[in-house]
Amino acid sequence: MVGVTAGTASAAPRDTAPPPLSQVVPAPAAVHESGGSYTIGGYTVIRVPEGSPEAVRVGRYLAGLLRPSTGYALPVRPLTAGDEGGIVLALSGHGTALGDEGYRLDVTNHGVAITAKQPSGLFHGVQTLRQLLPAAVEERTRQPGPWTVSGGTVTDTPRYSYRGAMLDVSRHFFTVAQVERYVDQLALYKINYLHLHLSDDQGWRIAISSWPRLAAYGGSTEVGGGPGGYYTKAQYEQIVHYAASRYLTVVPEIDMPAHTNAALASYAPLNCNGAAPPLYTGTNVGFSSLCVQKAVTYRFIDDVLRELAALTPGPYLHIGGDEAHSTSAADYTAFMDRVQPIVAKYRKTVLAWHEIANAHPIAGAVAQYWGTAGTEQSVVAAAKAGTRLVMSPANHTYLDMKYNPSTKLGLSWAGYTEVKDAYSWDPATFLRGAPASAVLGVEAPLWSETISTNDHIGYMAFPRLPAIAELGWSPAALHDWDAFKVRLAAQGPRWDALGIDYYRSPQVPWPAAG
Ligand code: NGO
């Protein structure tokens, strides 16, 4: 019997029990329920370690999440010895086993303590705490409580250090605000890399000072002929900083030698015949190529990668390398042999689509697998020889694939991908014969041939993005569709509160609308 005590339905307090500590996506590595609970109230103080400005920022971020919906003041104060109670964020050397991203969450009748070795671990612990509170916590106006968390301990570390999401800002351009909105959604699922596909046939999206027409002209349209757009360096840095504040590292991609019509249209000398093609607003792939023989090609790439590296605090520069259908195999290898050392010269690590395995991946290079069969022998051989892998099998992780034949958005070349398909594969074994130790992690790409609004992003990414996030974070032993779909269902009201227009998959037992 629901006890409605307040005057209006919207002010009615919930009287449902708080969810178990395991009801989180991605599933926490270890959970120990101990009974009891803590209720956040007007008395709750958030304590943060003095001397760590980053941890203080995480505390303020948590307060910013909780204040609008709870209506509580939630002051952020320095943690002093002997403090207990309230919400405590603590950095501890004893957290060594937690690694750089792990955390421990302890809930007693006195309060909530999140302990980590690094601020990134505190941030991930905050996301877990957030999911353990009622979905209404995501609303930006005051909601009825109570804001109660079950008692016990969560001890959590990621399976993989690379858990990425890619947004194609080339086929359709997305503004800084749109990218930041997606970053916030990714952070909720402990994604830690944001791969931005910054150039393709249809648009060049990042200002390069030494080649200004790339953005000014090459960025002036998009699929379907819309106005396109590009990021100034200041705007791009804003994205990098915003992502960093959510503990995501940006991986910029300049795709080459194919997928380059926007650059070829902007500068005639980059073409083998010296003639610039028109801008392109269709969706074919594989028709364009930089001129592999010309010296100017490598001056151009050196300039672009130098300027991009200067904007990139993270370790990776992604150089594409996919679908070079109009480049001979010999030219492709020659091209990659010249471009990879340029990345290294600017002290960055090469990341490229898995076709790079057909060339000579340099030491330390990472190949992003996007096949569907799991049998590509060149990639297996490269992995055996030391090339590391980010796993993005298109038939499981491509967020632009339709869910079923009646999905209005998206493509279907890799097959229809329902939520269960997105979840049901193992990154460690998908590429048969590749050593499991070569796998650095997973990534869910969202290509944007058919995607142009926030609602489109939401509909295609949710609920599949959280499925990929769980494969990347949770221990393999916890991967279980029947358990996952129940935890996933509990996320639905949260997405409603966040204004995410998600796909109501019939495979997921969503709670009845309340
Ligand atoms: C392929 C292709 C992209 C398309 C995408 C659409 C890769 C790596 N190259 O994936 O250009 O946008 O499929 O799903």
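What's counted below: heavy atoms across the whole structure, side chains too, no hydrogens, waters or symmetry copies. Each ligand, and each atom within it, is numbered from 1 in the order the structure gives.
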Query raised in the report: How about Tyr267 and Tyr217: are their ring centres within less than 6.0 Å of each other?
Result: no
Report task. Look at the rings of Phe335 and Tyr298 and say which category their plane angle falls in: under 30° parallel, 30 to 60° tilted, over 60° perpendicular. Result -> tilted
Protein contact to [atom] [nearest heavy atom, distance to 0.1 Å]:
| atom | result |
| --- | --- |
| atom 1 (C) of ligand 1 | Trp370 CZ3, 3.5 Å |
| atom 2 (C) of ligand 1 | Glu323 OE1, 3.1 Å |
| atom 10 (O) of ligand 1 | Tyr398 OH, 2.8 Å |
| atom 9 (N) of ligand 1 | Asp322 OD2, 2.7 Å |
| atom 11 (O) of ligand 1 | Arg171 NH2, 2.9 Å |
| atom 4 (C) of ligand 1 | Glu449 OE2, 3.4 Å |

Report task. Applying salt bridge (Lys or Arg N to Asp or Glu O under 4.0 Å), run through Glu470 and Lys190 and close with a yes or a no. Result -> CA-CA 9 Å; Glu470 174 150 317; Lys190 302 184 173 78; over 6 Å; no
Report task. Start with the C-alpha gap between Arg171 and Asp168, add the side-chain angles, then the distance that decides, and say whether salt bridge (Lys or Arg N to Asp or Glu O under 4.0 Å) holds. Result -> CA-CA 6 Å; Arg171 271 54 176 274; Asp168 173 6; 3.0 Å; yes
Report task. Just jot down the ring pair (Phe, Tyr, Trp, His ring centres under 6.0 Å) partners of His259, sequence neighbours excluded, or say none. Result -> none
Query raised in the report: For ligand 1, is Gln368 a contact, meaning one of its heavy atoms is under 4.0 Å away?
Result: no
Requested in this report: Can you run down the salt bridge (Lys or Arg N to Asp or Glu O under 4.0 Å) pairs that involve residues 410-431, sequence neighbours left out, and say none if there aren't any?
Outcome: Arg159-Asp426
Going by the atom numbers of ligand 1, which of them fall below 4.0 Å from some non-hydrogen atom of [X]?
| X | answer |
| --- | --- |
| Met401 | 14 (O) |
| Asp400 | 6 (C), 14 (O) |
| Leu411 | 6 (C), 14 (O) |
| His259 | 11 (O) |

Report task. Let me see the working for Asp482 and Arg487 under salt bridge (Lys or Arg N to Asp or Glu O under 4.0 Å), right down to the final yes or no. Result -> CA-CA 9 Å; Asp482 289 324; Arg487 283 181 288 107; over 6 Å; no
**Report entry** Test: Arg464 cationic atom under 6.0 Å from Tyr403 six-membered ring centre, within 45° of axis
**Finding:** yes
Requested in this report: Could you see which bit of Asp168 sits under 4.0 Å from ligand 1, with heavy atoms only: side chain, backbone, both or neither?
Outcome: neither
